Amino acid sequence: QVQLKESGGGLVQDGGSLRLSCLASGRGFSSYAMAWFRQAPGKEREFVATISANGGTIFYLDDVKGRFTISRDNAKNTVYLQMNSPKPSDSATYYCTAGQVPAQFANWDYWGQGTQVTVSL
């Protein structure tokens, strides 16, 4: 069992930067693939990025490539999402999730409660 807690959300200006963190508690963090999803009001939840257990495999949503970076520190049980040059369209609640396979359409076993990101012009 893994519990996930996101932090770092808030208000950021268009073109600024923000770093989201997701702290995992429980056993086996270093064996899980991790991912970030987001959901804006009235829209479906959307994959953003994923990273394998050892950090060697990473995939991104095309729209965030070159702007967002996912990383993890297994010694700290934490996964990060560095958001550079965010756009208003990136505004959403961001969720951290853990699973077995680092893929957009994989089954994700555990979810955090989310952190809100709002990007202003």
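Every value quoted in this text rests on a predicted model; they were computed, and no experiment measured them. Residue numbers count from 1 along this sequence.
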* Kindly determine whether Thr69 and Tyr80 satisfy side chain to side chain contact (heavy atoms under 4.5 Å, CB included), including the steps that lead there. => CA-CA 8 Å; Thr69 302; Tyr80 304 98; over 6 Å; no
* Start with the C-alpha gap between Thr78 and Arg72, add the side-chain angles, then the distance that decides, and say whether side chain to side chain contact (heavy atoms under 4.5 Å, CB included) holds. => CA-CA 6 Å; Thr78 302; Arg72 65 189 296 160; over 6 Å; no
* Asked: Are the side chains of Glu6 and Leu20 in touch, meaning some heavy atoms are under 4.5 Å apart?
  -> no
* **Note, Thr50 side chain near Ile58 side chain (heavy atom, < 4.5 Å)** => no
* To do: State, yes or no, whether a side-chain contact exists between Pro88 and Leu121 at a heavy-atom distance under 4.5 Å.
  => yes
* Using the rule that two of Ile, Leu, Val, Met, Phe, Trp, Tyr join whenever any of their side-chain heavy atoms come within less than 4.5 Å, decide whether Leu61 and Ile70 are in one cluster. => yes
* Asked: Is Arg27 close to Val2 at the side-chain level, that is, under 4.5 Å between some pair of heavy atoms?
  -> no
* Is there a side-chain contact between Asn77 and Ser25 (heavy atoms, below 4.5 Å)? -> no
* Quick one: do Lys65 and Asp62 make a salt bridge, cutoff under 4.0 Å? -> yes
* Taking atom types as modelled and ignoring hydrogens, do the side chains of Arg38 and Tyr94 form a donor-acceptor contact shorter than 3.5 angstrom? -> yes
* **Atom CD of Gln116 with >12 non-hydrogen neighbours under 6.0 angstrom** => yes
* **Path from Phe68 to Val12 over hydrophobic side-chain contacts below 4.5 Å** => yes
* Strictly by modelled atom types, are Gln13 and Ser120 linked by a side-chain donor-acceptor pair under 3.5 Å? -> no
* Asked: Any side-chain heavy-atom pair from Ile51 and Phe59 closer than 4.5 angstrom?
  -> no
* Indicate, with yes or no, if the rings of Tyr95 and Phe37 have centres closer together than 6.0 Å. => no
